Amino acid sequence: MSAFQNTTSSSIIFLLTGVPELEAFHTWISIPFCFLYVTALSGNSLILFAITTQPSLHEPMYYFLSMLSTTDLGLSISTLVTMLGIFWFNVREISFDACLSQMFFIKLFTVMESSVLLAMAFDRFVAISNPLRYATILTDSRIAQIGVAIVIRGTVTLTPMVTLLKRLSFCRSHVLHHSYCFHPDVMKLSCTDTRINSAVGLTAMISTVGVDSVFILFSYVLIIKTVLSIASPEERKKAFSTCVSHIGAVAIFYIPLISLSFVHRFGKRAPPYVHTMIANTYLLIPPVMNPVIYSAKTKQIRRTVLKILHPPPQKKTRVIKF
């Protein structure tokens, strides 16, 4: 056992896994994943470009949307290299430090996305319940402070969870069961007592994603209460319509997360490739779908994106010769 106790930190090399039992089809499997990555990267980049270049979109709602697109880009880039490296070149090795870094950024962008969704719920609540003070409550400086607080909150919460993995020793197989570094996956390979790691990891997720989901639900209870107090049916419909995109973003973030948790807990008899495919698509669904939802449901975003993709033809100036 003493020989294994020294195999910690930089001396560890983990082996990532593609899709178990379907290794022969990795090239074909990579095609839809490539399409999803291209869609996520181009869609969120287009949203960011539209918001930064169009003065008409310099409003609180779109600032929060730009934060959401940034987190989606970070989440996609965090898994892009290892996932496509396995599917294309069968590159499975990843060092311990690189694994911790990837794990940290995946968790960080996940927590940040949850925090941004909460901030967007607050934005919708203020816009509906107190529209006259909307611009004075959500000023540019306050939105910047919210953005900084989101980053600091995720970093402070997740750093202990990742750092505590350095104290573990690994004396079993070094084969991970995903194409990226997943916190519970790494802990299962350790021969050290991981109860502290499990407790810290669970506390981190409950205090971030768990708390955010409760406050998002509470925000919509207040929003519904406010909307129902509006006398005019048309104004009710208009108020609810401003929340449709955000509700869609919340759904595609939390439903795959809950589904993945249920599969890991109750789907132990399912084939291994089912767990892997769900885990891979779970991290890609929000980055792919958020730009689609906001482009389809938000008129200003849709017009701006169409304008960028199909710019109006420039008028030719006639030169008058004398």
Side-chain angles (χ1 to χ4, degrees), residues 3-4 6-45 70-110 113 158 161-163 165-166 168-191 194 197 201 256 260 263-264 270-288:
F4 290 113
N6 295 325
T7 57
T8 56
S9 63
S10 59
S11 62
I12 290 289
I13 298 294
F14 289 120
L15 295 177
L16 299 171
T17 301
V19 183
E21 303 177 4
L22 297 176
E23 289 83 0
F25 302 97
H26 273 182
T27 302
W28 293 104
I29 294 172
S30 70
I31 296 175
F33 278 101
C34 284
F35 174 76
L36 291 175
Y37 274 116
V38 170
T39 304
L41 296 175
S42 58
N44 286 289
S45 298
T70 302
T71 59
D72 283 337
L73 281 174
L75 198 59
S76 300
I77 294 171
S78 297
T79 59
L80 173 66
V81 176
T82 56
M83 194 177 294
L84 294 185
I86 292 172
F87 289 147
W88 285 351
F89 309 108
N90 197 32
V91 178
R92 298 177 57 199
E93 294 186 352
I94 184 170
S95 67
F96 184 80
D97 290 335
C99 186
L100 291 190
S101 298
Q102 184 186 45
M103 184 192 308
F104 173 78
F105 283 110
I106 290 173
K107 289 288 186 181
L108 175 63
F109 287 118
T110 301
E113 179 141 353
L158 297 174
M161 183 189 75
V162 176
T163 304
L165 290 174
K166 286 182 172 288
L168 300 181
S169 299
F170 299 88
C171 52
R172 302 170 189 167
S173 170
H174 292 169
V175 179
L176 300 173
H177 295 94
H178 296 83
S179 55
Y180 53 86
C181 288
F182 190 48
H183 184 255
D185 205 11
V186 174
M187 286 196 302
K188 289 178 182 178
L189 301 182
S190 174
C191 54
T194 59
N197 297 76
L260 180 62
V263 168
H264 275 285
Y273 61 82
V274 173
H275 293 262
T276 304
M277 293 297 287
I278 292 176
N280 288 344
T281 54
Y282 147 69
L283 291 177
L284 278 171
I285 289 176
V288 170

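Here the structure is a predicted model, which is why all the values come from computation and not from measurement.
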Review point. After noting the C-alpha distance and the side-chain angles of Thr82 and Gln102, does the key distance pass the side chain to side chain donor-acceptor pair (under 3.5 Å) rule?
Key: CA-CA 9 Å; Thr82 56; Gln102 184 186 45; 2.9 Å; yes
Quick check for you: to the nearest 0.5 Å, what is the distance between [X] atom [atom1] and [Y] atom [atom2]?
X	Y	atom1	atom2	value
Tyr180	Cys99	OH	SG	12.0 Å
His174	Glu93	NE2	CD	12.0 Å
Ile86	Leu15	CD1	CG	9.5 Å
Leu84	Ser30	CG	OG	7.0 Å

Minimum heavy-atom separation for [X] and [Y], please, with both atom names.
X	Y	answer
Pro287	Asn44	O-ND2, 2.9 Å
His183	Asn197	CE1-O, 3.8 Å
Leu75	Thr110	CD1-OG1, 3.7 Å
Val186	Phe14	CG1-CZ, 4.1 Å
Glu113	Thr71	OE1-OG1, 3.7 Å
Ile106	Cys181	CD1-O, 4.2 Å

Should [X] and [Y] count as side-chain neighbours, where that means a heavy-atom distance under 4.5 Å?
X	Y	value
Leu41	Ile77	yes
Tyr37	Val288	no
Leu176	Phe182	no
Lys166	Asp97	yes
Thr27	Trp88	no
Ser95	Ile12	no
Ile94	Ile13	no
Asn280	Ser179	yes

Review point. Run the side-chain contact (heavy atoms from CB on, under 4.5 Å) check on Phe109 and Asp72 step by step: do they pass?
Key: CA-CA 7 Å; Phe109 287 118; Asp72 283 337; over 6 Å; no
Check your understanding: Is it true that atom NE2 of His177 has more than 12 heavy atoms of other residues, nucleotides or ligands lying nearer than 6.0 Å?
Key ->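 No - once you tally the heavy atoms of other residues, nucleotides and ligands closer than 6.0 Å, there are 12 at most.
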Check your understanding: Counting only heavy atoms not in Tyr282, do more than 12 fall under 6.0 Å of its OH?
Key -> yes
Exercise for review: Step by step, work out the side-chain contact (heavy atoms from CB on, under 4.5 Å) result for Ile31 and Phe33.
Suggested key: CA-CA 5 Å; Ile31 296 175; Phe33 278 101; over 6 Å; no
